[in-house]
Student: 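Below is one structure. I have some questions about it.
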Amino acid sequence: MHYMQVPSQVEYERATSVEHALSLLNRPDTRVVAGGHSLIPMMKLRLAQPEMLVDINGLAELAYIRLDGGQLRIGALARHADLLNSAVAGEHFPIFHDAERVVADPIVRLWGTIGGSLCQADPSEDLSAAFAAARATVVIRGQDGDRMVPVREFHLGPYETVIDRGELLAEVRVPVQSGTGSAYEKVARRVGDWSVAAAGAVLRVGEGGNHEPVITSAGLGLTAVGAEHFVAAEAEEFLVGGPADEDSFAAAGAIAAEHCRPVADQRGPEDYKRHLVAELTARALRRAAARAAAPNSGPNSGPNSGPNSGGART
Ligand SMILES: Cc1cc2nc3c(=O)[nH]c(=O)nc-3n(C[C@H](O)[C@H](O)[C@H](O)COP(=O)(O)OP(=O)(O)OC[C@H]3O[C@@H](n4cnc5c(N)ncnc54)[C@H](O)[C@@H]3O)c2cc1C
């Protein structure tokens, strides 16, 4: 038997400006190509057959990571490696460094982009859960201007987003808040592999009514386990107003495991994935809380920083 592993014929244009890209994207069956690490393999397998590719790799104005107006702003063309190496991102959101350490391998991370990761809308993308936990907003650019969409409303389902014809993802914005700690925990079968399951947590601890420390906001993202919009909403609700302690973290993990919808596949059976969700959620919360308590001790502060769940490192 002979299997074809080449894409069908496709037109190709290299965008010279964002305006140029947007005008090209108005044509039917046209797709952006950024790092190409997801789109090109899909084209080779004929799972995607666009008539035209608009290459945005020349658009340096979409490749940045900076702090601005109380928000971390990440251009869509920033690479995974840029986020991994960004001191400002690591300082405010160690969850992104945790996640990037275990996204694929260094070669994929050098080319794969933040925008491509979110737009691919693969249920196993690590950054979708990390940004959902951090309650990020995406900036979608069209010829009529920008629209802001909470990342928790950006994905419509597997491989589907709210981006329309003639639009591209321009930026991801993450609100920076003091007293916040965050972490990401993933289990994969081998270094560089996709998640069997993963959990991200962003916690803010403040003062409760009786001046005792309580969780004032909680963001929980889940990867690869069928969580709606990558979010463990019931566990978030449970945490807010309660203490940041082991009992709360274990209970939140159990709630997250109960409400997600993993499916059995080559990465494991459903009950194993639920077990991982409970354990990884509790671990991510524990590390996030420790980081919230020690915010100034460096980009990767907190217990177990560094080597992370057996993932690839640079
Ligand atoms: C071997 C391998 C292992 C991997 N392992 C992991 C892993 O462990 N965890 C993980 O999270 N990911 C993993 N990935 C996926 C990778 O992180 C991203 O999916 C990939 O980098 C997507 O980014 P890209 O820039 O290559 O996107 P592309 O392939 O260029 O594009 C992907 C999709 O997004 C669209 N798109 C891209 N940019 C924009 C934009 N700015 N606006 C609108 N649409 C856009 C494209 O049209 C296409 O539909 C792996 C990939 C490979 C090849």
Side-chain angles (χ1 to χ4, degrees), residues 7 10 12 15 18 21-22 24-25 29-45 47-59 61-63 74-84 96 98-132 138-142 146-147 149 154-155 158-172 184 186-198 200 221-224 230 267 308-312:
V10 63
Y12 171 90
V18 172
L22 292 175
L24 293 167
L25 286 166
D29 289 322
T30 301
R31 295 276 279 269
V32 170
V33 62
H37 272 299
S38 295
L39 182 57
I40 303 299
M42 284 181 74
M43 288 172 64
K44 284 183 173 177
L45 294 168
L47 294 172
Q49 298 198 50
E51 285 184 7
M52 177 183 263
L53 289 182
V54 178
D55 184 343
I56 61 168
N57 282 281
L59 306 184
E61 67 263 47
L62 291 181
I74 305 170
L77 202 61
R79 312 281 169 181
H80 289 296
D82 297 331
L83 187 53
L84 179 59
F96 298 144
D98 290 349
E100 286 294 11
R101 268 190 212 102
V102 290
V103 166
D105 51 55
I107 296 169
V108 173
R109 293 201 293 265
L110 277 176
W111 271 101
T113 63
I114 307 311
S117 275
L118 284 174
C119 292
Q120 179 65 14
D122 187 311
S124 302
E125 291 285 348
D126 292 294
L127 288 186
S128 298
F131 282 125
V138 297
V139 181
I140 299 174
R141 189 154 300 160
D146 287 351
R147 60 187 180 109
V149 177
F154 179 68
H155 295 107
Y159 309 103
E160 210 186 339
T161 73
V162 298
I163 292 193
D164 278 333
R165 182 166 145 187
E167 293 184 323
L168 60 70
L169 178 64
E171 187 179 271
V172 185
Y184 190 78
K186 164 170 167 174
V187 165
R189 289 175 304 175
R190 355 167 243 269
V191 170
D193 200 356
W194 297 86
S195 289
V196 177
L222 298 178
T223 306
F230 297 91
R267 293 196 166 85
N308 182 341
S309 306

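Both counts, for ligands and for their atoms, begin at 1 and track the order of listing.
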Student: So, do L127 and L83 sit near enough that their side-chain heavy atoms are less than 4.5 Å apart?
Tutor: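 Yes; the side chains approach each other to less than 4.5 Å.
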Student: Report the C-alpha distance between R165 and L25 in whole Å, list the side-chain angles of each, state the deciding distance to 0.1 Å, and finish with yes or no for side-chain contact (heavy atoms from CB on, under 4.5 Å).
Tutor: CA-CA 6 Å; R165 182 166 145 187; L25 286 166; over 6 Å; no
Student: For L169 and ligand 1, does the shortest N/O to N/O distance drop below 3.5 Å?
Tutor: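 The answer is yes, given that L169 and ligand 1 share an N or O pair closer than 3.5 Å.
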Student: Could you tell me whether ligand 1 has any atom less than 4.0 Å away from a heavy atom of I40?
Tutor: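 In this structure, I40 fails to qualify as a contact of ligand 1 - no heavy atom is under 4.0 Å.
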Student: Identify the closest protein heavy atom to atom 2 (C) of ligand 1: which residue and atom is it, and at what distance?
Tutor: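 Checking every protein heavy atom, the shortest distance to atom 2 (C) of ligand 1 gives V108 CG2, 3.8 Å.
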Student: Looking at ligand 1, is there an atom of it that comes within less than 4.0 Å of some heavy atom belonging to E100?
Tutor: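 No; E100 lies far enough from ligand 1 that no heavy-atom distance drops under 4.0 Å.
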Student: What's the shortest distance from atom 33 (C) of ligand 1 to any protein heavy atom, and which residue and atom give it?
Tutor: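 Sorting protein heavy atoms by distance from atom 33 (C) of ligand 1 puts Q120 OE1, 3.3 Å first.
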Student: Which residue from A170, G192, S38 reaches closest to atom 22 (C) of ligand 1 through any of its heavy atoms?
Tutor: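 Minimum heavy-atom distance to atom 22 (C) of ligand 1 goes to S38.
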Student: Just distances here: any N/O of D105 and N/O of ligand 1 closer than 3.5 Å?
Tutor: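 For ligand 1, there is no N or O atom that lies under 3.5 Å from one belonging to D105.
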Student: Going by the closest heavy atom to atom 44 (N) of ligand 1, which one wins out of G36, C119, A198?
Tutor: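 Nearest option to atom 44 (N) of ligand 1, by heavy atoms: C119.
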Student: Which protein non-hydrogen atom lies closest to atom 21 (O) of ligand 1, naming both residue and atom, and how far is it?
Tutor: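 The answer is G112 CA, 3.1 Å.
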Student: So, does E167 sit close enough to ligand 1 that a heavy atom of it is under 4.0 Å from the ligand?
Tutor: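 Flag not set, E167 not near ligand 1.
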Student: Give the atoms of ligand 1, by number and element, whose distance to some non-hydrogen atom of H80 is under 4.0 Å.
Tutor: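 That gives atoms 16 (C), 17 (O), 21 (O) of ligand 1.
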Student: Counting from 1, what ligand 1 atoms have a heavy atom of I56 closer than 4.0 Å?
Tutor: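 Atoms satisfying the 4.0 Å criterion: 41 (N).
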Student: Show which atoms of ligand 1 fall inside a sub-4.0 Å distance from at least one heavy-atom site of R31.
Tutor: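 Listed by number with element: 47 (O), 49 (O).
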Student: Considering only heavy atoms of D193, which atoms of ligand 1 have at least one such atom less than 4.0 Å away?
Tutor: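 Those of ligand 1 that fall under 4.0 Å from D193 are 8 (O).
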Student: For atom CD1 of I40, is the number of surrounding heavy atoms from other residues, nucleotides or ligands below 6.0 Å larger than 12?
Tutor: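 Yes, enclosed.
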Student: List every atom of ligand 1 that sits less than 4.0 Å from any heavy atom of A34, numbering the atoms from 1 in the order shown and giving each element.
Tutor: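 Every atom of ligand 1 under 4.0 Å from some heavy atom of A34: 25 (O), 30 (O), 37 (C), 38 (N).
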Student: Just go through A104, S195, G35 and tell me whose heavy atom is the nearest to atom 4 (C) of ligand 1.
Tutor: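 Of the listed residues, A104 has the closest heavy atom.
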Student: Indicate the atoms forming the closest heavy-atom contact of L77 with A34, along with that distance.
Tutor: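 For L77 and A34, the tightest heavy-atom pair comes out as CD1-CB, 4.3 Å.
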Student: Please write down residue, atom name and distance for the protein heavy atom closest to atom 53 (C) of ligand 1.
Tutor: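 Looking only at protein heavy atoms, the one closest to atom 53 (C) of ligand 1 is H37 O, 3.5 Å.
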Student: Using only heavy-atom distances, determine whether the side chains of H80 and T113 contain a donor-acceptor pair under 3.5 Å.
Tutor: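 Per modelled atom types, H80 and T113 side chains form no pair under 3.5 Å.
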Student: Using a 4.0 Å cutoff against the non-hydrogen atoms of K186, which atoms of ligand 1 qualify?
Tutor: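 Answer for ligand 1: 7 (C), 8 (O), 9 (N).
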Student: Please find the pair of heavy atoms, one from I163 and one from C119, that lie closest to each other, and give the distance.
Tutor: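 I163 and C119 have their closest heavy atoms at CD1-SG, 3.7 Å.
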Student: Is there side-chain contact between E160 and V162, with heavy atoms separated by less than 4.5 Å?
Tutor: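 Side-chain contact under 4.5 Å: no.
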Student: Starting from atom 27 (O) of ligand 1, locate the nearest protein heavy atom and write down its residue, its atom name and how far away it is, to 0.1 Å.
Tutor: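 That would be G116 CA, 3.5 Å.
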Student: Working note: F96 + Y184, criterion ring pair (Phe, Tyr, Trp, His ring centres under 6.0 Å); need CA distance, chi angles, decisive distance, verdict.
Tutor: CA-CA 8 Å; F96 298 144; Y184 190 78; 9.5 Å; no
Student: Would you call S128 and L118 a side-chain contact if the rule is heavy atoms closer than 4.5 Å?
Tutor: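 Sidechains of L118 and S128: in contact.
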Student: Any Lys/Arg nitrogen of R190 or D193 sitting under 4.0 Å from an Asp/Glu carboxylate oxygen of the other?
Tutor: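 Answer for the salt bridge query: yes.
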Student: What verdict does the side-chain contact (heavy atoms from CB on, under 4.5 Å) test give for W111 and R79, after you've listed the backbone C-alpha separation in whole Å, the side-chain angles of each residue and the deciding distance to 0.1 Å?
Tutor: CA-CA 6 Å; W111 271 101; R79 312 281 169 181; 3.3 Å; yes
Student: What's the verdict on side-chain hydrogen bond (donor to acceptor under 3.5 Å, both in side chains) for S38 and D122, showing C-alpha distance, side-chain angles and the deciding distance?
Tutor: CA-CA 9 Å; S38 295; D122 187 311; over 6 Å; no
Student: Mark up the atoms of ligand 1 that fall under 4.0 Å of a heavy atom belonging to D126, in ascending order.
Tutor: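 Here the atoms of ligand 1 in question are 7 (C), 8 (O), 9 (N), 10 (C), 11 (O).
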Student: Would you call D98 and K186 a salt bridge, using N to O less than 4.0 angstrom?
Tutor: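 Looking at D98 and K186, the cut-off is not met.
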Student: Which residue and non-hydrogen atom of the protein lie closest to atom 47 (O) of ligand 1, and at what distance in Å?
Tutor: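 Protein heavy atom with the smallest distance to atom 47 (O) of ligand 1: V32 O, 2.6 Å.
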Student: Out of L118, L53, L39, L59, indicate the one that has the non-hydrogen atom closest to atom 31 (O) of ligand 1.
Tutor: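 The option holding the nearest heavy atom is L39.
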Student: For ligand 1, which atoms, with element, lie under 4.0 Å from some heavy atom of S117?
Tutor: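 Ligand 1 atoms under the 4.0 Å threshold to S117: 17 (O), 18 (C), 22 (C), 23 (O).
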Student: Would you call E171-R141 a salt bridge at under 4.0 Å N-O?
Tutor: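 No salt bridge links E171 with R141.
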Student: Which residue holds the protein heavy atom closest to atom 50 (C) of ligand 1, what is that atom called, and what is the gap in Å?
Tutor: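 Scanning the protein heavy atoms, the shortest distance from atom 50 (C) of ligand 1 goes to W194 CZ2, 3.3 Å.
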